[in-house]
Amino acid sequence: MTASPKTIDKHRAEIVSLNPATLEEVARFHITTAAEVNAAVDRARAAQPAWGALSFNDRARIVLQVQSELFDRKEEIVRIISDETGKPPFEALSTEVFMVSDLMSHFATNAQRILKSQKFSLAVMRNKRSMLVYEPLGVVGVISPWNFPFSIPVGEIVMALMAGNAVVFKPSEYTPLVGDAIKRLFAAAGIPEGVLEVVQGDGSTGAALVESKVDKIFFTGSVRTGKRIAESAAKRLLPIVLELGGKDPMIVCEDAPFERTVKGAVWGAFMNCGQVCASVERLYVMEPIAQKFIAAVVEEVKKLRVGAPGPDCSTDVGPLVNERQLGVVVDHVSDAVAKGARVLAGGRERPDLGGYFFEPTVLVNVNDSMKVMTDETFGPVLPIKIVKTEEEAISEANNSRYGLLASVWTADNERGRRIANRIEAGTVIINDALYTHGAAQTPWFGVKESGIGVTHGEAGLFEFVRMKHLNWDLFPMKSDWWWFPYTPRWYGRFKALMRLLYRRGLRKIA
Ligand code: NAD
């Protein structure tokens, strides 16, 4: 590798972002110091009450104004995303700008309904009524990665704002210009000063945000950093949502719709150069169709156009985002080959293309002694293993410390759901790959080491509010039966009530 990595120049206290396809400098930003992070949180804190006091409609108007700004400036935003990540403009538009526009519509028009207060009565305490109300948390911190530098944070920012919070957002140090573009987009839409603060920097800035006086952290990134954040947050019981890594399995049954499954596997493994938390990172195909399926996948992979994003959708797969990520891919592929894996496509770095390129790679003869089958690769590598039975496929899929997303491919939806029900993952998609992160209505979350908490969907919006329970009497009484003084008379009444309501054999489950 001849290229210099994206660097964090501590001496000048700047982050410098490079275009990973050309290694040219894109932008440089001052690293926000811990004191400046605290000042940003203070400004957000001061701005939040007025923002939280606005009606849902007033907040929605601003969000829809952001949507309109984005509509007008989509080509500029697509170019910035593509410059800092190397992803093809098609992906920047389809998986980031388009999908997050949908999220804006969804939460601008549905947040009020979802967060509506709920009143209910209590079964035994007939004189009591309860109500749940949902209040903003205050100031939330959003820390995001580089792989979807626009849609991940903007989605969280929009949900936080619709719930009445102010936000302090720290973009990845690899995509600061996208972070700055987000700030400018919201400013142009008229967001009141202080309601959205953007702080720039690396892990130290992120750590300062976690240690600041924010009310909750929404973190998306690696398991390693997620654990550090959890440790730091535990010191003051700061609530956190962690959306972490994956090693997502794809199960291909012998009755899978052939052409769709081949294309789905290739898109699922190589979209965004495989740098998606929900990328297909392990594929288990059933024996009867294995040879034909693998040959078709290899043929399709060899058609992928790799290179720097050009005009007119001239490439399908861009570079890895940085030298470290390229190093992980090289390490996983060479480890697998040294342990007996066979390369059917790709397998090589392509420095001749100008940046951190690695060919889309298909591996067979893989096993669990190889890093490529156990650790998150986060690159353009598709290891394929042949399995004999449905049972074996399920057991292989579950044999992982991760549990983010999985997919099952079969012509029989009922069979698909049966298999899906036994897979340990936050989401299991039948006959599609990785796309549901982009859908505003569907919850996104991981199990096992893939995360804590939910983003997107109704459950995701509830992460941005504090539930408050109100309770009152319908008719005023002098005393409740469980108050002082404790008397034999009331003791007896409790026993009589228990006999009436809970005696043995009273309730039968059909
Ligand atoms: P990363 O953990 O290195 O960094 C993520 C963010 O955390 C960056 O902004 C970084 O500056 C910041 N950070 C680093 N150290 C920190 C600290 N000690 N305290 C606070 N913040 C800190 O991850 P990455 O390389 O940017 O992203 C890739 C990872 O993200 C992959 O593992 C991928 O699977 C995961 N990811 C998960 C999801 C999901 O929804 N589950 C989505 C996208 C990416």
Side-chain angles (χ1 to χ4, degrees), residues 6 8 15 17 20 29 31-32 34 37 84-85 95-96 141-153 155-156 168-176 178-179 198-212 214 217-233 238 240-248 271-281 320-328 375-379 400-405 425-427 434-439 442-457 460:
K6 286 185 170 188
I8 296 164
I15 38 171
S17 76
F29 284 86
I31 294 181
T32 313
V37 168
E84 275 195 328
T85 60
T95 68
E96 300 223 54
V142 170
I143 302 175
S144 56
W146 43 263
N147 67 334
F148 289 92
F150 189 75
S151 59
I152 289 178
E156 292 180 349
V168 180
F169 159 47
K170 193 205 84 68
S172 166
E173 57 271 43
Y174 294 100
T175 52
V178 179
V198 178
V199 295
Q200 295 279 10
D202 58 0
S204 63
T205 312
L209 186 56
V210 177
E211 281 158 25
S212 75
V214 287
I217 286 286
F218 291 79
F219 170 77
T220 308
S222 62
V223 172
R224 191 186 59 248
T225 310
K227 286 182 178 175
R228 278 203 193 145
I229 288 177
E231 274 176 33
S232 171
L238 174 70
I240 49 176
V241 165
L242 303 177
E243 300 292 348
L244 309 177
K247 189 73 195 169
D248 302 349
M271 200 277 273
N272 207 24
C273 194
Q275 301 168 114
V276 185
C277 51
S279 288
V280 175
E281 290 227 352
L320 279 305
V321 79
N322 57 34
E323 191 172 19
R324 182 170 59 98
Q325 211 48 55
L326 178 59
V328 172
D375 298 354
E376 187 178 43
T377 307
F378 224 55
S400 171
R401 63 180 188 278
Y402 297 102
L404 188 58
L405 184 127
T427 298
L434 64 82
Y435 86 96
T436 63
H437 183 274
T442 57
W444 185 258
F445 60 102
V447 299
K448 302 199 247 183
E449 288 203 12
S450 289
I452 297 174
V454 184
T455 49
H456 300 177

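Values in this document were obtained by computation on a predicted structure and should not be read as measured data. First listed ligand is number 1; within each ligand, the first listed atom is number 1.
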Check your understanding: Between T220, T175, I143, which one has a non-hydrogen atom sitting closest to atom 5 (C) of ligand 1?
Key -> T220
Revision key, fill the gap. When distances are taken from atom 41 (N) of ligand 1, the protein heavy atom at minimum range is L244 O, 2.7 Å
Point to revise | Top protein contact for atom 9 (O) of ligand 1, by heavy-atom distance | key: S144 O, 2.8 Å
Check your understanding: In terms of residue, atom name and distance, what is the protein heavy atom nearest to atom 31 (C) of ligand 1?
Key -> E376 OE1, 3.4 Å
Review point. Should you measure from each heavy atom of G245, which atoms of ligand 1 turn up under 4.0 Å away?
Key: 32 (O), 34 (O)
**Study point:** Check ion pair D375-R401 (N to O, under 4.0 angstrom)
**Key:** yes
**Study point:** Contact (N/O only, under 3.5 Å) between T225 and ligand 1
**Key:** yes
Check your understanding: Is the shortest heavy-atom distance from the side chain of L404 to the side chain of K448 under 4.5 Å?
Key -> no
Check your understanding: Is the closest N or O pair between S450 and ligand 1 shorter than 3.5 Å?
Key -> no
Practice item. Output yes when a side-chain donor or acceptor of T436 lies under 3.5 Å from a complementary backbone atom of A439, and no otherwise. Key: no
Review point. At a 4.0 Å threshold, what atoms of ligand 1 neighbour a non-hydrogen atom of E243?
Key: 37 (C), 38 (C), 39 (C), 40 (O), 41 (N)
Exercise for review: Please work out which of N147, N322, D248 has its closest non-hydrogen atom nearest to atom 44 (C) of ligand 1.
Suggested key: N147
